[in-house]
Every structure is written in structure tokens, then in C-alpha cells.
Chemist: 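The structure is given below, and queries will be raised subsequently.
Worth saying up front: this structure is predicted, and the values here are computed from it rather than measured. Start at 1 with the first residue, then count along the sequence.
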Amino acid sequence: MLTRKQYELLKFIHERLTESGVPPSFDEMKDALDLKSKSGIHRLITALEERGFIRRLPNRARALEVVRLPEAVGQAAMPRRGFAPGVIEGGLGKVRPASEDSSGRAVPIPVMGRIAAGTPISAIQNRSHVINMPPDMLPAGEHYALEVRGDSMIEAGILEGDLVVIRKSDTADNGDIVVALIDEEEATLKRLRRKGASIALEAANPAYETRIFGPDRVRIQGRLVGLFRRY
């Protein structure tokens, strides 16, 4: 699932390539999306590239190629207007903390949607189903799960298609893998590093760059506590 700006940029690039065979310039993209600076375009292009929607062609200035379009073009591919950014739409609901289940019964964990490992995307979708975990495998607190898209956390053992179990929290220790909300718009799964007053979101794949933000641009929304993998 793309953010609205990511979708609009992908659509604009695709239309320009279809019409003229030449990708738009960064200035043209900035104007088309009504952004104030080209840094926002760089961030959106990086997000689209890491998610596999576009490819930058080597040794050619401005060379972009659209690799694929969203599966559902239109409303289903775009976040709804009026949506308040967060990891979970409408809150977690009444999920029982693991420590409160003294009966030993499995604890239901809602699967809230998808998140990109390394690429900021909206991590919010309607809750579709739950997974059940033994209570002794969870720390106390409220939890949710997200499906991983992308490969930027592979050296941390997190692969595309994995389900990560996240403990809801607005704080994390240095080195924790977290769900971080960037600029109140985009969420990503990264390792948290604090560097002075700045916050670094670090990939576990040398192909991806560490991204550094001011503290007012990043909000922690949960900490990784478990992982499911299907074989």
C-alpha cells in the first residue's frame, strides 16, 4: 500500500514515460506534487525504488523506469482522505496483554497490514485476521502484527513475507528494531540508533543507506518482539 504522495508520483512518472519516453525532471515532479523542495521527491523516489515500483538506471542522469504499478489502481491503492497517520487505524482495540492471560490460552494478535522493511510506506490497513501466540512468548503489553515487504532487514533475519510481532510502545532503546512513523505520514521497520540529537533509522542490508532525521520527525510506534515465518 502506497502513501498518497508515493502513488501520485508513481502515476506522474508513468504517464510522462508513456507520453514521451522521457522521465520528468525533479523540478517537474516537485511542481506536480506541490512540494516545497526536491528533498521530498528524493525521499519518495527512494521509497518507490526500494519497494520495487521503479528502478534507477545506472550511468544515466534522470533515468527512471517504472517496474510495476500497484495491483489495484485507484482508491484501493491509495490511503483514504481524512486518515490520521499511525500504525493502526482506529486503535488496537481490546487486545488482552499477554501477562494477564493466566490460563495459558493462546493470545490473539491482530494482523494490521503490511510494512516495508527499509522503505517508508503506510503501515495501516483494516485488521484482516489474527494470529495466536502462547502467552509465555510475549512480554506484557499490547501487541499487533505486520506483514513485511522488502529485503532491507535480511541481515537481522527478517525476510519478505514474514509476520513481525510488535509491542505497542512510544519509546525504544538504542539498537531496537522498531516501527517508526516519519513526518506523521510514512511508517517503516528499521533499527533505531540515536546520534546526539538526531535519530538514525538503520537497515540491516548494506544495499540500503541509513537515514537520519531530527527528533521531531520520527515517532516510535512499537518495538519488535517476535516473528512468524511460513515455509
Side-chain angles (χ1 to χ4, degrees), residues 1-87 89 113-125 148-152 160 179-190 198-203 205-219:
M1 186 174 179
L2 300 177
T3 67
R4 180 167 296 277
K5 287 296 186 184
Q6 289 168 3
Y7 176 83
E8 290 175 353
L9 180 60
L10 179 63
K11 182 180 177 183
F12 180 62
I13 294 171
H14 175 67
E15 290 175 349
R16 286 293 298 271
L17 285 170
T18 300
E19 292 171 0
S20 65
V22 178
S25 68
F26 275 62
D27 283 325
E28 290 171 330
M29 289 186 272
K30 176 176 68 70
D31 293 341
L33 271 67
D34 195 26
L35 296 179
K36 295 181 179 179
S37 71
K38 289 188 285 188
S39 63
I41 295 296
H42 282 283
R43 187 171 69 247
L44 292 171
I45 284 180
T46 298
L48 290 170
E49 182 182 27
E50 290 176 352
R51 288 200 67 203
F53 286 97
I54 64 173
R55 180 185 300 122
R56 282 188 253 211
L57 304 180
N59 304 318
R60 293 172 59 186
R62 280 181 48 184
L64 296 173
E65 177 184 17
V66 175
V67 178
R68 65 187 178 98
L69 295 173
E71 295 175 3
V73 177
Q75 183 177 358
M78 299 171 64
R80 288 165 289 187
R81 293 188 183 275
F83 167 69
V87 172
E89 184 175 10
R114 295 175 176 175
I115 189 167
T119 309
I121 62 171
S122 287
I124 306 92
Q125 294 180 358
V148 174
R149 299 295 301 271
D151 63 356
S152 77
E160 181 158 5
V179 173
L181 187 67
I182 303 170
D183 294 333
E184 295 296 324
E185 181 186 27
E186 300 168 327
T188 187
L189 184 72
K190 284 284 189 68
S198 299
I199 292 177
L201 299 179
E202 180 181 279
N205 182 335
Y208 296 90
E209 295 181 354
T210 295
R211 305 177 69 199
I212 299 176
F213 301 92
D216 58 335
R217 296 184 59 192
V218 176
R219 184 154 58 91

Chemist: Can you sort out the partners of D183 under salt bridge (charged side-chain N to carboxylate O under 4.0 Å, His left out), two or more places apart, ordered by chain and number?
Modeler: R43, R217
Chemist: Identify the two heavy atoms, one from I182 and one from R211, that lie closest to each other, and give their separation to 0.1 Å.
Modeler: CD1-NH1, 4.0 Å
Chemist: For S37, what residues pass the side-chain hydrogen bond (donor to acceptor under 3.5 Å, both in side chains) criterion, not counting sequence neighbours?
Modeler: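 S37 satisfies side-chain hydrogen bond (donor to acceptor under 3.5 Å, both in side chains) with S39 only.
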Chemist: State which residues pass side-chain contact (heavy atoms from CB on, under 4.5 Å) with L17; sequence neighbours excluded, sorted by chain then number.
Modeler: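 Scan of L17 (side-chain contact (heavy atoms from CB on, under 4.5 Å), adjacent residues dropped) gives I13, P23, V66.
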Chemist: Out of curiosity, R16 CZ to L64 CG, how far, rounded to the nearest 0.5 Å?
Modeler: 11.5 Å
Chemist: Any chance you could measure R56, atom CZ, to T46, atom OG1, to the nearest 0.5 Å?
Modeler: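 With rounding to 0.5 Å, CZ (R56) is 4.5 Å from OG1 (T46).
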Chemist: To the nearest 0.5 Å, tell me how far H14 NE2 sits from E19 CD.
Modeler: 10.0 Å
Chemist: What pair of heavy atoms forms the shortest contact from V218 to A180, and how long is it?
Modeler: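 Closest pair (atom of V218, atom of A180, distance): CG1-CB, 3.9 Å.
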Chemist: Sequence neighbours excluded, which residues qualify as side-chain contact (heavy atoms from CB on, under 4.5 Å) partners of K5?
Modeler: T3, E8, L33, L35, L44, E185
Chemist: Sequence neighbours left out, what passes salt bridge (charged side-chain N to carboxylate O under 4.0 Å, His left out) with E65? Give chain and number order.
Modeler: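 Testing E65 for salt bridge (charged side-chain N to carboxylate O under 4.0 Å, His left out), a comparison that skips the adjacent residues, returns R55.
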Chemist: If you measure from CD1 on I41 to OG on S25, what distance do you get to the nearest 0.5 Å?
Modeler: 9.5 Å
Chemist: Show the nearest heavy-atom pair for residues F26 and K38, with the distance to one decimal.
Modeler: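 Looking at all heavy atoms of both residues, the shortest contact is CB-CD, 3.6 Å.
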Chemist: Return the set of residues passing side-chain contact (heavy atoms from CB on, under 4.5 Å) with D216 (not counting sequence neighbours), or none when no residue passes.
Modeler: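 For D216, no residue satisfies side-chain contact (heavy atoms from CB on, under 4.5 Å) once neighbours in sequence are set aside.
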Chemist: Say you draw a straight line from CD of Q6 to CG of L48; how long is it, rounded to the nearest 0.5 Å?
Modeler: 5.5 Å
Chemist: Quick one: salt bridge (charged side-chain N to carboxylate O under 4.0 Å, His left out) partners of E160, sequence neighbours excluded?
Modeler: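 E160: salt bridge (charged side-chain N to carboxylate O under 4.0 Å, His left out) contacts with R149.
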Chemist: Taking all non-hydrogen atoms of both residues, which atom of F53 and which atom of L69 are closest, and how far apart?
Modeler: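 Minimum heavy-atom contact is CE2-C, 3.8 Å.
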Chemist: For the atom pair CE (M29) and NE2 (H42), what is the distance rounded to the nearest 0.5 Å?
Modeler: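 It is 8.0 Å, given to the nearest 0.5 Å.
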Chemist: Atom NZ of residue position K11 - does it have more than 12 heavy atoms of other residues, nucleotides or ligands inside 6.0 Å?
Modeler: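 No, because the 6.0 Å sphere around NZ of K11 holds 12 heavy atoms or fewer from other groups.
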Chemist: Please find the pair of heavy atoms, one from P215 and one from I199, that lie closest to each other, and give the distance.
Modeler: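 In terms of heavy atoms, the two residues are closest at CA-CD1, 4.0 Å.
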Chemist: Shortest non-hydrogen contact from A203 to K190?
Modeler: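 Where A203 meets K190 most closely, the heavy atoms are N-CD, 3.7 Å.
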